[in-house]
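First the proteins, then the strands, lettered A, B, ... as listed; each starts at 1. Keep in mind that what you see is a predicted model, and the values were worked out from it rather than measured. Side chains are part of it too, since the values below use all heavy atoms of this structure and drop only hydrogens, waters and symmetry mates.
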Amino acid sequence: MAKDGLPKQAEDFPAWYQEVVKRSGMAENGLAKGTMVMKPHGYAVWEHIQRALDDRFKATGHENLLFPTLIPKSLIDKEQEHLDGFSPELTIVTIGGGEVLEEPLVMRPTSETVIWPTYGKWMQSYRDLPFLYNQWCNVFRWEKRTRIFLRTSEFIWQEGHTAHATADEAKEEVARMLEVYREVAEDVLAIPVLTGKKTPAETFPGAVYSLAIEGLMRDGKALQSGTSHFLGQNFSRAYDCQFLNQDGEQEYAWGTSWGFSTRMVGGTIMAHGDDRGLRLPPAVAPVQVVVVPIYKNDEERSGVLEVAEKIKTTLAGNLIRVKVDDRDQYRPGFKFSEWELKGVPLRIEVGPKDVAADQVVIAHRVSGEKQTRSTADAIGQVAGLLADAQKAIYQDALAYREANTHEIESYESFAEGVEAESGYWVGPWCGDEVCEAKVSSETKATIRVVPLEPTDPGGACIVCGKPGTQRATWAKAY
RNA sequence: CGGGAUGUAGCGCAGCUUGGUUAGCGCGCGGCGUUUGGGACGCCGAGGUCGCCGGUUCGAAUCCGGCCAUCCCGACCA
């Protein structure tokens, strides 16, 4: 074993991540700096995430549409906070058709600035609202330091943009979509997440407030992966989107926006992977079951492959994503390692002895266990075993999070602890940005979330000692 | 944008100090054969503008100058 092993997570997590992403065939660097090529194995995971989200968007009454990638620069300039927030990250097209453009075009970093002026043309009265639209697209953010899946200059996501007649309705939407994100993260990607509100310092530029889900990676760092923003009337005012309300008055519409990106593919890798490679939750695994035939000669080969194909046909008929690895140039041991690297949840081994005894060996990626079952039992049990694996991998991640969540005893112990142990550190905070900034400059940890609903802060601010107003969760983050 | 490092075959590297004629090794790749229950082995073979431009020299992967790119650390970052 480990003839060609990965770097160990415990020794060098970033090296492990880079290697596992490349060797498992998830993605590689693009030819332009800071970009990435999502390869079939990685894109398939994204497609499953996409499906899970899109089904839930439709179920909550949303429709998809698509705005152009290019946004006139003047539109971006209209919302000052938004402009300030994004300015350094903008990619701007200044030449088109060989001529310098009269007005530069911005490659969208997100689409509020082009969607809101358009929404303004579409809304006349409260009867037209709400607009519940979403788009699947790529966005561009020039990054000085990129990391595959986690931060690249171009990435794919969905951005929902809704317009409502009342603030309360918009706030409900923001909460509803955060819940969709939580559900997809936990039930589909098997990543337990904290849900909460961002501090003003971490709020989306132009939003009134931002909600987010945060997952904990296996190196103890947090990853923000889905965000849902209450825009208030900020964008409708900037782009003059008014409607006639029930009282016959012109009113600015209330907005939300929410996004979930391919970054979460990286999150799935880092939340579940181990030293042998990926461990993919069955719900998003491109291949859920791989059948590896074992044989010594042509005669054994044909007998074993016959059984393998039969297993495949039956499972595929039950909508299980199954593959028979009948490549002749690799031996079984090599295939075992390769599919483990790729994170396939279940492996069925079929050799001559098994064929003779009408049995197979089932190997579990999550637990690492192997068991022998009659062929018929094995086929019948696969769906259940996949469901068990989905639960087990979530439980693993949950146990990890619980073991790495610390109650803050004192500022000193927190400052030392967060360096050494990372993980989540929870404690009272006064709500002052000065205290927040002091922590981030002295420890590299930032406030990931504060609770959605007011809770007992549980004591005095860990930084300044004034009365706490809320319980904050700090962590080092990606 | 600062500090450091690296660019030689698809990947990982040696060679450079002390210039010299066919530029090497491992993995991978192609063919043939033996193998196949945890990363097989033998033989044969294909594959290189030595990052780019210029300079020194009879002669440059090697020395000198400039440029470009990538990686790490920092700053920056929803």
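- Each of G38(B), C29(B), U36(B) was ranked by its minimum atom distance to the side chain of F336(A); first place goes to G38(B).
- Taking atom C1' on both nucleotides, C52(B) is separated from U8(B) by 14 Å, rounded to a whole Å.
- Looking at heavy-atom distances under 4.0 Å, R301(A) makes no contact with the nucleic acid at all.
- Only the P atoms considered, A61(B) is 14 Å distant from G19(B), to the nearest whole Å.
- W258(A) pairs with exactly one of E159(A), E173(A), H161(A), R176(A) by the side-chain contact (heavy atoms from CB on, under 4.5 Å) rule, that one being E173(A).
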Do any side-chain atoms of residues 199-209 of chain A form donor-acceptor pairs under 3.5 angstrom with protein atoms, and if so which ones, sequence neighbours left out?
residue	atom	partner	partner atom	Å
T199(A)	OG1	E436(A)	OE2	2.5
T203(A)	OG1	T199(A)	O	2.9

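- Going from the P atom of U17(B) to that of G2(B) covers 31 Å, rounded to whole Å.
- In this structure, the NZ atom of K476(A) is 19 Å from the P atom of C77(B), given to the nearest Å.
- R331(A) is linked by a side-chain contact (heavy atoms from CB on, under 4.5 Å) to nothing, counting only residues two or more places apart in sequence or in another chain.
- Rounded to whole angstrom, the span from the CD1 atom of I294(A) across to the C1' atom of G38(B) amounts to 9 Å.
- In this structure, F334(A) places its CZ atom 14 Å from P of C27(B), rounding to the nearest Å.
- Comparing the P positions of A14(B) and U6(B) gives an interatomic distance of 10 Å, to the nearest angstrom.
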* **Watson-Crick or G-U pairs under 3.5 Å in RNA chain B, rendered as dot-bracket with [ ] for crossing pairs and | for another strand** => (((((((..((((......[...)))).((((((.....)))))).....(((((..]....))))))))))))....
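- Within 4.0 Å (heavy atoms only), E300(A) reaches no atom of the nucleic acid at all.
- With a 6.0 Å cutoff to the six-membered ring centre and a 45° limit on the axis angle, R263(A) does not count as a cation-pi contact of F155(A).
- The side chain of R276(A) lies closest to G38(B), out of G38(B), G37(B), G39(B).
- Look at CD on Q224(A): it is 12 Å from C1' on C77(B), rounded to the nearest Å.
- In this structure, K335(A) is not positioned above the aromatic face of Y330(A) in the sense of NZ or CZ being under 6.0 Å from the six-membered ring centre and within 45° of the axis.
- Going from the C1' atom of C68(B) to that of G28(B) covers 29 Å, rounded to whole Å.
- At a threshold of 4.0 angstrom between heavy atoms, the contacts of T203(A) with the nucleic acid are absent.
- Comparing atom distances between the R331(A) side chain and each of C77(B), G38(B), A40(B) picks out A40(B) as nearest.
- Taking atom CZ of R327(A) as the reference point, atom P of U36(B) lies 19 Å away to the nearest angstrom.
- Within 4.0 Å of P109(A), counting heavy atoms only, lies at least one base atom of the nucleic acid.
- Residue R347(A) is in base contact, counting any heavy-atom pair closer than 4.0 Å across all strands shown.
- For the side chain to side chain donor-acceptor pair (under 3.5 Å) test, no residue two or more places apart in sequence or in another chain qualifies with Q288(A).
- Distance check on atom C1': G51(B) versus C32(B) gives 39 Å, rounded to whole Å.
- Side-chain nitrogen and oxygen atoms of K444(A) include at least one within less than 4.0 Å of the OP1 or OP2 phosphate oxygen of G74(B).
- Scored by the salt bridge (charged side-chain N to carboxylate O under 4.0 Å, His left out) test, E19(A) finds R23(A) as partners (sequence neighbours excluded).
- Residues that satisfy the side-chain contact (heavy atoms from CB on, under 4.5 Å) test with Q470(A), not counting sequence neighbours, are W429(A), V450(A).
- Taking atom CG on D328(A) and atom P on A40(B), their separation rounds to 14 Å, with Å as the unit.
- Ranking G38(B), U36(B), C77(B) by closeness to the E340(A) side chain, first place goes to G38(B).
- Where K296(A) and Y330(A) meet RNA chain B, the nucleotide closest to each residue was compared, and Y330(A) sits on the side nearer the 5' end.
- Comparing U22(B) with C27(B), their P atoms sit 27 Å apart, to the nearest whole Å.
- In the region residues 350-367 of chain A, proximity to RNA chain B at under 4.0 angstrom, judged on heavy atoms, holds for G351(A), P352(A), K353(A), D354(A), V361(A).
- Among the nucleotides C76(B), G37(B), G39(B), the one closest to any side-chain atom of K144(A) is C76(B).
- With sequence neighbours left out, R108(A) forms a salt bridge (charged side-chain N to carboxylate O under 4.0 Å, His left out) with no residue at all.
- Nucleotides G31(B) and C16(B), compared at atom C1', are 37 Å apart to the nearest Å.
- Remark: side-chain polar atoms of S440(A) are paired, donor with acceptor, to backbone N or O of A437(A) under 3.5 angstrom.
- Rounded to a whole Å, the CZ atom of R23(A) is 11 Å from the C1' atom of G12(B).
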Using atom types as modelled, flag every donor-acceptor pair under 3.5 Å from a side chain in residues 353-360 of chain A to any protein atom, sequence neighbours excluded.
residue	atom	partner	partner atom	Å
D354(A)	OD1	Q359(A)	NE2	3.1
D354(A)	OD2	G351(A)	N	2.9
D358(A)	OD1	T375(A)	OG1	3.1

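- Among the heavy atoms of the strands lying under 4.0 Å from E349(A) is at least one base atom, whether or not backbone atoms are also near.
- Of the residues near RNA chain B, N29(A) and E202(A), the one whose nearest nucleotide (by heavy atom distance) lies more toward the 5' end is N29(A).
- Among N138(A), T262(A), T91(A), the one residue that satisfies the side-chain hydrogen bond (donor to acceptor under 3.5 Å, both in side chains) test with E154(A) is N138(A).
- In this entry the distance linking NZ of K22(A) with C1' of C27(B) reads 17 Å, nearest Å.
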